[in-house]
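No experiment lies behind these values; they were computed from the predicted model shown. Atoms within each ligand, like the ligands themselves, are counted from 1 in listed order.
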Amino acid sequence: MDLIPAPVSSVRLPDQDFPLDRTTTLTAPPELAGAERWLRSSLTAATGLPLAPGRPGEGVELLLDAALAGEAYRLSVRPGHAVITAGGPAGALWGAQTLRRLLGPDAYRRAPLRPSGWVLPGVDLTDGPRFGWRGALLDVARHFLPKSDVLRFVDQLSAHKLNVLHLHLTDDQGWRVEIKRYPGLTERASWRERSMVGYRSAGRRDDRPHGGFYTQDDLREIVAYAAERAVTVVPEIDLPGHTQAAVAAYPELGNTDVVDTGALGVWTDWGVSHNVLNPSEATLRFFEGVLEEVLEIFPSEFVHLGGDECPKEQWKDSAAAQARIRELGLSNEDELQSHIIRHFDRWLAERGRRLIGWDEILEGGLAPGAAVSSWRGYSGGIAAAQAGHDVVMCPEQHVYLDHRQAPGEREPVPVGFVRTLEDVYRFEPVPAQLDQEAARRVIGTQANLWSEFMDSARDIDYRAFPRLAAFAEVAWSALPADPAARDFAGFEQRLAGHLEVLDALGVEYRPAGGPHPWQTRPGVQGRPIDGPPPAV
Ligand code: ACM
């Protein structure tokens, strides 16, 4: 049973297999109706078996056990009876995912390859996650990803028991969420005239306009689809930097006394734009208006407000920004950024939500309720955890999956550090120097997929997989804390079966021997960083 991520424990019972047939039933209490519905629709599509509702005590049965944690479950398979006992709806869904895996790779197809021969192997299995936040970021701002591909990615996350989809919805290069009171954000800021081909220094552009946006109903659909698969969608509205697209649509949001913001377009470069928000009250009101609509779409406890990479030059040059610093009694531009983040920390808390931001939000003082996505290494996360803040560890040196997977020229648009499958498998989210209390503040970990050099789901498949499978095991399974003690060879053995699952799902992962010819991008310049990533 090549389960990825590995369960807490499992015992194979060779004489206890349960062959499924047209009379096999599927039953659940009302509290687990979501997992029941998902399991029936997935397995009915893949096997052709009806799995009609039946009686308790037979067939495939989902049960609730309040003594278990919400995401934990037990699975027992005996002839004629397979039982998933879960602590809550999410645990039931994870148990259902495991049950599907036990039926083999063909259980991941959308239509049956054969009418019979579906056998659940006899097993006693207990399982539950190490971390409550097991995330992946999709950057749909640099390159828009059509809704159908986002839904497909949700299926992939759920199949790996990853439970957070962090959607990076806004950036210098595009605004992807419909905001009804500000139609310019999608009329103007959702597309760009052209893009750079490869890294900035190559100076190469195509002249193909691209873009797109999600309507509010599209996003509600994504949120509901994800919820049915035990995945929470955390939206990111990045501010006060990474906002050129918004400024291009509404020039009054920019630093109008230092730059002609009316002449700006959606940025056609990669990188970090200097065209950031002005820090006025009017701008705060504008983004409160944005967030009011965002909160209506996304029920997640956490709302990500970015806060990363906000160049301060315009604020230094702007008389209005300097007057604002004096008016607020602040001492510098970092504190101005902190003031903005604190404002929204309070604003979100008043509405029963929590702010999460990139580790730059530590600069100038961390807002009282804020959680931190530690991306520039571990240090921001360590400081935040030691100060009693929740932390999601996603250091770029380890789990930025847009970074290349192997050295050499054949990796498509090679950027960043070489992070092999094995490197990701040996990534440890909780740094050893945290004491027990601070370590508990690491609520989870996340792999990030930035899309400057990925313009389609096929590209995302290539960069994400199979590394996201290794990451899922890091996030879910109780692997040894010492990365050197992890059984990567054992993981690789289980991966062979897992790749058959990915094949059945139609995921175009990177083959172990390197890219297929159609996965290469000869001549497109990247930005490889040589040598091992710095110690963090
Ligand atoms: C980031 O990579 N700027 C969060």
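Within the structure, the ring pair (Phe, Tyr, Trp, His ring centres under 6.0 Å) test picks out the following pairs touching residues 293-321 (sequence neighbours left out): Trp133-Phe302, His166-His304, His304-Trp358.
In this structure, Arg458 forms no cation-pi arrangement with Tyr462, as its terminal cationic atom is not both closer than 6.0 Å to the ring centre and no more than 45° off the ring axis.
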(request) Could you go through the salt bridge (Lys or Arg N to Asp or Glu O under 4.0 Å) check for Lys316 and Glu313 one step at a time? (result) CA-CA 5 Å; Lys316 287 197 172 107; Glu313 283 76 6; 5.7 Å; no
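The environment of Glu350 atom CD is dense: over 12 non-hydrogen atoms of other residues, nucleotides or ligands sit within 6.0 angstrom.
Protein heavy atom at the shortest distance from atom 3 (N) of ligand 1 is Asp308 OD2, 2.7 Å. At the top of the distance list for atom 2 (O) of ligand 1, counting protein heavy atoms only, stands Tyr400 OH, 2.6 Å.
Close contacts between ligand 1 and Trp450 involve ligand atoms 1 (C), 2 (O), 4 (C) [criterion: under 4.0 Å to a heavy atom]. Close approach of ligand 1 to Glu309 is summarised as follows: ligand atoms under 4.0 Å from at least one heavy atom of the residue are 3 (N).
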